[in-house]
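One structure is given below, encoded as structure tokens.
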2 protein chains.
Amino acid sequence: MQFTEKKIESTLRREGYKLTPQRRAVLNAIADSHDHLTPADIYDKVRQEHPGIGLVTVYRTLDILDKLGLICEVHSGGNCRSYLMRRPQEHHHHLICSECGAVADFTECDFSELEHRLSRDTGFEIEGHLLEFSGRCHNCRKATPS
Amino acid sequence: MQFTEKKIESTLRREGYKLTPQRRAVLNAIADSHDHLTPADIYDKVRQEHPGIGLVTVYRTLDILDKLGLICEVHSGGNCRSYLMRRPQEHHHHLICSECGAVADFTECDFSELEHRLSRDTGFEIEGHLLEFSGRCHNCRKATPS
DNA sequence: TGTGTAATTGAAAACGTTTTTCATTTACAC
DNA sequence: GTGTAAATGAAAAACGTTTTCAATTACACA
Ligand SMILES: [Mn+2]
Ligand SMILES: [Mn+2]
Ligand SMILES: [Zn+2]
Ligand SMILES: [Zn+2]
């Protein structure tokens with residue numbers, strides 16, 4: 001923990017970000033929890049020790065920490081829905097371009113083995129799954145080869 | 001297409017829902033597109049033929065169609081983030097309880113083969129993936145065995 | 001083919017989350 | 001210490017979504 005925290009602080013500094021008490025507080029809130037915390041969760045936790053912090057600062061700090069790869073953003077259930085016609089036996093998954101948002105479909109996914117194992121290990125009764133790959137699509141690769 | 005549409009209309013009726021022009025319009029908007037449409041997308045499309053429809057009605061219709069299993073909701077990128085500390089080499093995935101939201105972690109995922117194939121077929125350069133199982137957790141199963 | 005009624009609709013307002021704006025404060029290089 | 005650019009927080013705007021409620025409408029039934 002302390003190790004990780006030190007490393008994170010030095011990363012911030014190295015990237016030219018100032019190390020403010022607010023950032024430290026957000027960092028600690030996340031580090032102290034083994035759960036996923038929403039921005040609001042983090043705001044609430046941080047305010048206990050640090051009343052007066054602005055929610056805006058929490059958002060800004062999260063953006064930075066995420067951009068630096070120090071925390072990771074989890075795509076949790078909520079307001080990010082889109083819909084499509086359910087066509088029978090058309091279970092499929094997506095490849096999404098991180099640059100332009102282009103979507104390609106694919107259908108391959110065989111999780112029967114993994115589902116058995118997980119079910120046994122966790123007691124969950126598995127009902128469905130979500131599989132998504134992200135990457136750069138053909139067009140974006142041509143446009144800006146990295 | 002016509003077939004699917006007819007089936008859907010009869011399903012609505014069978015479940016006691018009235019078949020209004022607005023519902024038909026939302027249905028057609030989704031059926032006509034092979035893309036995922038957000039509620040706002042659908043609203044825009046529907047309004048072309050059916051100005052005066054309320055966005056509220058779109059939302060309500062989507063809820064119903066989803067509940068009946070006629071369309072499916074896709075978890076697309078957007079505003080549903082939560083954060084956790086990125087611990088090195090801790091790439092992992094989630095099992096999420098659809099009833100209480102409990103989360104269990106697991107680490108197994110080997111997509112190297114699939115990634116190769118997808119990359120070849122689609123031209124995407126794959127950078128990452130998201131895998132999530134949903135189901136009912138141990139506690140929820142004990143509480144309400146289905 | 002009317003008629004009654006419960007379901008459905010849309011305007012408006014409320015809501016929760018995230019972003020923008022801007023004046024004030026602060027970290028830190030010198 | 002001092003100067004300066006970066007960071008903060010209050011407030012308001014901007015989202016996407018839900019609630020409320022009076023007016024409208026689909027459809028079962030006479
Ligand atoms: Mn698709
Ligand atoms: Mn986890
Ligand atoms: Zn692209
Ligand atoms: Zn549960």
When you measure from the side chain of A/Ser119 to the backbone of A/Phe124, do you find a donor-acceptor pair of N or O atoms at a distance under 3.5 Å? yes

Could you tell me if A/Glu127 and B/Ser98 have a donor-acceptor pair between their side chains, going purely by distance under 3.5 Å? yes

For residues 45-52 of chain B, dump all side-chain donor-acceptor pairs below 3.5 Å to protein atoms at least two apart in sequence or in another chain.
{"unit_1": "B/Lys45", "atom_1": "NZ", "unit_2": "B/Ala29", "atom_2": "O", "d": "3.2"}
{"unit_1": "B/Arg47", "atom_1": "NH2", "unit_2": "B/Asp44", "atom_2": "OD1", "d": "3.1"}

Report all interatomic pairs (protein N or O, nucleotide N or O of nucleotides 17-23 of chain D) with separations under 3.5 Å.
{"unit_1": "D/dT17", "atom_1": "OP1", "unit_2": "A/Arg81", "atom_2": "NE", "d": "3.3"}
{"unit_1": "D/dT17", "atom_1": "OP2", "unit_2": "B/Tyr59", "atom_2": "OH", "d": "2.0"}
{"unit_1": "D/dT17", "atom_1": "O5'", "unit_2": "B/Tyr59", "atom_2": "OH", "d": "2.9"}
{"unit_1": "D/dT17", "atom_1": "O3'", "unit_2": "A/Arg81", "atom_2": "NH2", "d": "3.0"}
{"unit_1": "D/dT18", "atom_1": "OP2", "unit_2": "A/Arg81", "atom_2": "NH2", "d": "3.1"}

In whole Å, I'd like the distance from the CG atom of A/Leu12 to the C1' atom of C/dC28. 14 Å

Charged N-O contact under 4.0 Å between B/Arg23 and B/Glu9: no

If I take atom CD1 in residue A/Ile64 and atom C1' in nucleotide D/dT8, what distance separates them, rounded to the nearest angstrom? 11 Å

Closer than 3.5 angstrom, by distance alone: can the side chain of B/Ser10 be matched with the main-chain N or O of B/Lys7 as a donor-acceptor pair? yes

Can you list the residues that meet the side chain to side chain donor-acceptor pair (under 3.5 Å) rule with B/Glu15, with sequence neighbours excluded? none

Using side chain to side chain donor-acceptor pair (under 3.5 Å) as the criterion, list what pairs up with B/Thr144, not counting sequence neighbours. none

Sub-3.5 Å pairs of nitrogen or oxygen atoms, protein against nucleotides 27-30 of chain D:
{"unit_1": "D/dC27", "atom_1": "OP1", "unit_2": "B/Leu19", "atom_2": "N", "d": "2.8"}

Under a plain distance cut-off of 3.5 Å, with no hydrogens placed, do A/Thr61 and A/Gln22 share a side-chain donor-acceptor pair? no

Please give me every residue in residues 43-54 of chain B whose heavy atoms get under 4.0 Å of an atom in DNA chain C, ordered by residue number. B/Gly52, B/Ile53, B/Gly54

Given atom CZ of B/Arg24 and atom C1' of D/dA26, what is their separation to the nearest angstrom? 12 Å

A/Arg23 CZ to C/dT26 P: how many Å, rounded? 15 Å

Exactly one of A/Thr38, A/Leu70, A/Leu62 should register a side-chain contact (heavy atoms from CB on, under 4.5 Å) with B/Tyr83. Which one does? A/Leu62

It should be established whether B/Gln22 places a side-chain nitrogen or oxygen under 4.0 Å from OP1 or OP2 of nucleotide D/dT25. no

ILVMFWY cluster, A/Ile71 and A/Leu19 together (side-chain gap under 4.5 Å): yes

Is there a donor-acceptor contact under 3.5 Å linking the side chains of B/His93 and B/Asp105? no

